[in-house]
J.: 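Okay, here's the structure, questions in a sec.
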Amino acid sequence: MAESKAITPRAQDFSAWYNDLIQRAELADYSPVRGCMVIRPNGYAIWEQMQRALDDMFKATGHQNAYFPLFIPQSFLAREAEHVEGFAPETAVVTHGGGKELEEPLVVRPTSETIIYSMFGKWIQSWRDLPVLMNQWCNVVRWEMRTRLFLRTTEFLWQEGHTAHATEADAQAETLQILGIYRRFMEEWMAMPVLTGLKTESEKFAGALRTYSCEALMQDNKALQAGTSHHLGQNFAKAFEVQFQTAEGGLDYVWSTSWGVSTRLVGGLIMTHGDDRGLVCPPRLAQWQAVVVPIWRSDEEKAATCGAAERIGAELRAGGIRATPDLPEGLKQGAKYLAWEARGAPLRLELGPRDLASNSAMLARRTGGKEAVQLDGLADTVRRELDAMQDGLLAAARERREAHSLRGPKSKDEFIDFLRSDGGFVYAGFCGEPSVEAEIKELTKATIRCLPDAEFRSPEKPATCIWTGKPAAVEAVWARAY
RNA sequence: CGGGGCGUGGCGCAGUCCGGUAGCGCGUCCGCUUUGGGAGCGGAAGGUCCCGGGUUCGAAUCCCGGCGCCCCGACCA
């Protein structure tokens with residue numbers, strides 16, 4: 001039945017697969033406004049799980065949530081030179097309100113540094129006021145030329161952290177602390193392994209001293225920048241006059257950071273784990289970790305299996321598992337299985353008369369495999385299965401990434417061939433010249449994703465630049481990226 | 001902004017070349033039969049054919065002008 005329900009296989013057209021999956025899993029839909037998306041309940045549920053986990057981590061490290069307004073005076077953006085250059089072209093501007101032309105146009109925030117530092121200036125007087133550790137969950141607007149559901153939409157949801165510190169060292173420590181939190185979240189919750197490292201000058205945030213990022217590799221071997229943490233130095237502090245009296249009695253500008261992850265992560269989740277049947281959602285982020293599907297022939301069997309499904313659902317929930325029975329709505333169980341698979345539910349428990357008779361259920365994993373399990377101690381069994389799946393997904397993703405990574409290409413040709421064929425991460429020496437970076441991008445469409453942190457670097461630092469043959473300043477990782 | 005594709009019941013499409021009663025599949029609703037991997041039969045509802053002009057006895061179809069969306073590139077989380 002219905003070809004229309006089929007998802008285009010990844011191998012045939014990855015981009016069509018991605019779009020089909022989002023529709024089939026009912027994660028999001030296109031809005032009437034170009035480039036904007038409606039996040040549907042199934043998609044939003046994943047975002048909510050992400051928010052909860054991240055928010056807990058931020059709070060645990062002393063951050064507080066606040067909320068700053070959507071509108072920013074246009075002049076604010078202009079105060080930091082690099083910042084305005086980076087963001088002005090992609091802002092939406094409100095020129096009218098209440099039927100009248102505004103005296104000063106308002107920018108719809110593309111990010112909130114400017115409005116936040118203007119307030120920090122008021123709030124921070126003394127070294128005793130520092131550090132300020134703030135975060136906000138909000139929407140921002142960037143008028144991108146080309147958009148894709150979750151990965152790049154005109155409006156998107158994110159969190160943006162903004163902190164102010166007394167010393168450069170404190171700001172640096174904060175920048176790295178957040179990078180670590182992001183990494184931990186991506187690996188432990190999303191089961192998405194990432195490289196962490198420093199961005200090059202050409203890739204860093206507009207207005208930052210330096211930018212660190214988490215880089216993941218998608219199933220089509222393109223990289224996804226999954227989160228960034230910026231050390232802003234004193235750039236914004238100077239632009240917005242955020243000064244404080246030091247303990248020694250002097251006057252200094254604060255050192256600040258900003259950092260963010262967005263609904264793009266949902267796109268990363270899809271492209272890391274999804275398969276041709278739909279979404280595969282890591283258990284820790286799944287809206288429903290286990291669904292119980294009753295099966296019957298007669299009315300008596302229906303009453304029995306539906307009743308048991310409800311009871312088992314409640315029992316699992318009592319055991320801390322997000323479980324729900326899928327009671328009749330006119331769909332046959334086969335249709336239900338396929339729908340839950342498309343949505344990415346990690347586990348399915350099939351409950352028919354034969355299972356009930358043997359006090360068992362069929363447990364089917366979204367990642368493959370199906371077997372009978374005893375109803376006694378089911379919550380423990382399910383918890384074990386979920387944990388194993390969570391670990392398995394991370395391991396599989398890491399293995400895939402490594403299988404598509406090339407360390408130390410022997411020659412420039414090998415480097416180019418790798419990027420031009422299947423692609424993936426290439427680790428190689430880099431002389432540090434921005435012009436070389438640009439040339440490589442021109443020729444291969446690949447960019448330096450990051451200068452990897454120590455643990456990701458090759459055992460031996462490359463001696464020469466893969467492009468110029470000159471002595472290498474650093475090891476860099478290249479890939480084509482979203 | 002350049003290239004490509006497309007606008008027709010809720011969704012996916014045919015019909016457009018060659019003007020003549022607006023169709024098909026899925027979904028929806030009602031009924032009966034079904035239910036261990038996308039159920040079957042019978043009945044029913046549902047359309048400003050993207051918008052505006054023009055040609056014509058007559059336009060989804062031809063002509064002119066708009067608008068919108070998706071995909072591929074350049075910009076970016």
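Residue numbers begin at 1 in each chain, while the letters A, B, ... track the order of the sequences.
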J.: Excluding sequence neighbours, so at least two apart, what forms ring-ring contact (aromatic ring centres under 6.0 Å, His included) with A/Phe156?
T.: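 So A/Phe156 forms a ring-ring contact (aromatic ring centres under 6.0 Å, His included) with A/Trp158.
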J.: May I ask you to list the residues of residues 177-184 of chain A, by number, that have any heavy atom positioned under 4.0 Å from an atom of RNA chain B?
T.: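 None, since no heavy atom is under 4.0 Å.
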J.: Please tabulate, one pair per line, each protein N/O and nucleotide N/O from nucleotides 70-73 of chain B that are separated by under 3.5 Å, including the distance.
T.:
from, atom 1, to, atom 2, distance (Å)
B/C71, OP1, A/Asn19, ND2, 3.4
B/C72, OP1, A/Ser15, OG, 2.9
B/C72, OP2, A/Arg146, NH1, 2.8
B/C72, OP2, A/Arg146, NH2, 2.4

J.: For residues 287-306 of chain A, which residue pairs qualify under salt bridge (charged side-chain N to carboxylate O under 4.0 Å, His left out), counting only residues two or more places apart or in two chains?
T.: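 Listed once each, the pairs would be none.
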J.: Applying ring-ring contact (aromatic ring centres under 6.0 Å, His included), name anything that partners A/Trp255, two or more places apart in sequence or on another chain.
T.: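 In terms of ring-ring contact (aromatic ring centres under 6.0 Å, His included), with neighbours along the sequence ignored, A/Trp255 is linked to no residue.
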J.: Once ring-ring contact (aromatic ring centres under 6.0 Å, His included) is applied, do any residues pair with A/Phe205, and if so which ones, sequence neighbours excluded?
T.: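 By the ring-ring contact (aromatic ring centres under 6.0 Å, His included) rule, A/Phe205 matches A/His83, A/Phe87, A/His230.
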J.: Does RNA chain B take part in any stems of at least 3 consecutive Watson-Crick or G-U pairs (both distances under 3.5 Å), and if so, which ones?
T.: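 RNA chain B stems, ordered by first number: B:1-7 with B:67-73, B:10-13 with B:23-26, B:28-33 with B:39-44, B:50-54 with B:62-66.
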J.: Do the rings of A/Phe185 and A/Trp189 sit parallel, tilted or perpendicular, given the 30° and 60° boundaries?
T.: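 Because their plane-to-plane angle is under 30°, the rings of A/Phe185 and A/Trp189 count as parallel.
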J.: Please identify each residue that fulfils ring-ring contact (aromatic ring centres under 6.0 Å, His included) with A/Phe120, with sequence neighbours left out.
T.: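 In terms of ring-ring contact (aromatic ring centres under 6.0 Å, His included), with neighbours along the sequence ignored, A/Phe120 is linked to A/Tyr117.
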J.: Could I get the full list of side chain to side chain contact (heavy atoms under 4.5 Å, CB included) partners for A/Thr154, not counting sequence neighbours?
T.: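 Listed in chain order: A/Cys36, A/Val141, A/Trp143, A/Thr147.
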J.: Could you encode protein contacts along nucleotides 2-11 of chain B as a string, one character per nucleotide from 5' to 3', using B for base contact, S for sugar-phosphate-only contact and - for no contact, with a heavy-atom cut-off of under 4.0 Å?
T.: ----------
J.: Identify every side-chain donor-acceptor pair in residues 40-52 of chain A under 3.5 Å, counting partners at least two apart or on other chains, and give the distances.
T.:
from, atom 1, to, atom 2, distance (Å)
A/Asn42, ND2, A/Ala25, O, 3.0

J.: With sequence neighbours left out, what residues match A/Glu82 under side-chain hydrogen bond (donor to acceptor under 3.5 Å, both in side chains)?
T.: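 So A/Glu82 forms no side-chain hydrogen bond (donor to acceptor under 3.5 Å, both in side chains) with any residue.
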